[in-house]
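One structure is given below, encoded as structure tokens.
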Amino acid sequence: MATPVIELRDVSTVYEGERVPAIREINLSIELGEFVAIIGPNGAGKTTLLETINGLLPYTRGQVLVLGQDVARFGPQLRSQIGYVPQEFQFDETTPVLVRDVVLMGRYGQIGLLRRPSTEDRTRVQEALELLGLAELAERPIGKLSGGQQQKVLLARALAKEPKILLLDEPFSHLDFAARDEVAELIARWHRERGLTTLIVLHDLEAIPSHCHRVVLLDGGRIRQDGARERVVQAFTLAYGK
Amino acid sequence: MYGLPWSLIVTLVGGAALTGAACGLLGTFVVRLRLSSLGFTMSHAAFAGAALGLALGIEPLTLALIASVLTAAVLGPVAERAKLPADVITGVLFPLTMALGLIFLYLAPGTAMSSSALGLLWGSLLAMTHTDFLWLMGLTGAIVLTIGLFFKEFQALLFDRKLAEESGIPTRPFYYLILFLTGATIALALRLVGGLLVFVLLQSPAATAFQFLYDLKKIFFWAALLGVSYAGVGIALSFAFDLPIGSAIVLVSTVGFGLAVWRSPKRRR
């Protein structure tokens, strides 16, 4: 059996200064190439789960292995191979960074210390910008863009990294319906063509992409269901309504 | 210039320019990372340290440097994790560091209101020595080199610390490097601007540059240049009207920043 790309063994994460774990006793194994949706009510621990996987939040119990390595030890190296689009972001109008630089920054971890971005890095950035229809906005300050455009920039940033794993936290939350379908299609294509392993957090069950066959239901910080899409979505609807 | 020898003039003017440039460069981090409270507290800790040096007969800048960097080392983690609101840190520690500084000055033998003591409070160009000038040159060079070598890491950190971590940059060493350099800059700027007002040079030039620019490289450049200009014009005013140097620099900086806010394209709808 192949080594899982992501493996959580009995993992709990407690926020600093709190006693109750935001996620607890999580056991989860995700294979190469899987596309997994994480659903659950507000406060279920969905974002905490993603940020525990990429090591932005230190876990307090158990073990998290990503690409076979412990995220607690190799966090920065592993994060340079993981594309992450956070749910929460807010760039005020005065933020002194241009859109092109925001996307390029996604590759800084891979480029490494004391090295400058190469032509190859800039080419990948341009490709990602064009893919998301942002090429014309490349020289604009990030803070001057709408919420939806900023969310697309963060997605471009994650894709420009050419990651092995994609973690998407409510990636459609600031997008209108037309843009949502377009971006969902783009994510599906990248996942398929690049052989990525993708986790997507969603609160809207209808937004679960059609090619996603595995769904994990999280509630109270615990995994309540993990399995075929239809079964888990049905369980969620029964428990919480739509 | 007032019959001073050229070597002294170079030391004084060069020292003032280097102080302005170093403060402008570091100020870019202080403004963007919202380290104002920490910088404010560090500057007054440096004043207390220098006053203790005066009282004990030890080189004031050495103790100013130790006090400033120690404050950064203690308060850095507190500010980093936002365990305490910034205004609480300032509210408690500003009076404490000022009180300690004044007690040390009071205890300094025969110097209660000497020029050295007053210089610590509101700055004195003539107190700047050739050694200070060399230290400032070394520090400014180190700051420029550090920013040049790690520009992309600092750019990511100044954009968004969480996203910088996400891209694989370990931000903590860079955050503490900024605090250390800020502490050192404050201690060395104490001669020129004085302990009461040194913080203004860490805030105003960079805050002025931020009013007009979105490109970080340009912001660093203009913050340094504005720091030099504010210090230079302040010194000229000080000589022309016989004002304390620190106060004159504060007046110039405040006017400069006020004009920038008024004319800032970032604030137009």
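Throughout, protein chains are lettered first and strands after them, A, B, ... in sequence-line order, and every chain is numbered starting at 1.
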- Message: At a heavy-atom distance under 4.5 Å, which candidate from A:Ile142, A:Asp101, A:Leu98, A:Leu113 has the highest pair count against chain B?
- Response: A:Leu113
- Query: Given that the side chain runs from C-beta out, which part of A:Leu114 has a heavy atom under 4.5 Å from chain B: side chain, backbone, both or neither?
  - Reply: both
- Item | Interchain contact, A:Leu104 with chain B, by part (heavy-atom threshold 4.5 Å) | neither
- Message: Tell me if a side-chain donor or acceptor on A:Arg157 pairs with a main-chain N or O of B:Ser167 at a distance below 3.5 Å.
- Response: no
- If you round to the nearest 0.5 Å, how far is CD of B:Gln155 from OH of A:Tyr108? 3.5 Å
- Message: With a 4.5 angstrom heavy-atom cut-off, is it the side chain or the backbone of A:Gln81 that approaches chain B, or both, or neither?
- Response: neither
- Query: If you count heavy-atom pairs under 4.5 Å between each of B:Glu166, B:Lys266, B:Lys218 and chain A, which one has the most?
  - Reply: B:Glu166
- Residue, of A:Gly83, A:Pro96, A:Pro141, A:Gly109, that accumulates the most heavy atom pairs under 4.5 Å with chain B: A:Pro96
- Item | A:Pro86 portion near chain B, given a 4.5 angstrom heavy-atom threshold | side chain
- When rounded to the nearest 0.5 angstrom, what distance separates CZ in A:Arg79 from CG in B:Leu163? 11.5 Å
- Item | Residue selection (most heavy-atom pairs with chain A, distance under 4.5 Å) from B:Phe210, B:Tyr214, B:Phe151 | B:Tyr214
- Under 4.5 Å, counting heavy-atom pairs only, tell me which of A:Gln110, A:Met105, A:Lys144, A:Gln77 racks up the most with chain B. A:Met105
- Task: List the atom of A:Leu56, the atom of B:Glu165, and the distance in Å for their closest heavy-atom pair.
- Result: CD2-CB, 3.6 Å
- Query: At a heavy-atom separation under 4.5 Å, does A:Leu78 approach chain B through its side chain, its backbone, both, or neither?
  - Reply: neither
- Using non-hydrogen atoms and a 4.5 Å limit, figure out which bit of A:Phe91 sits close to chain B: side chain, backbone, both or neither. side chain
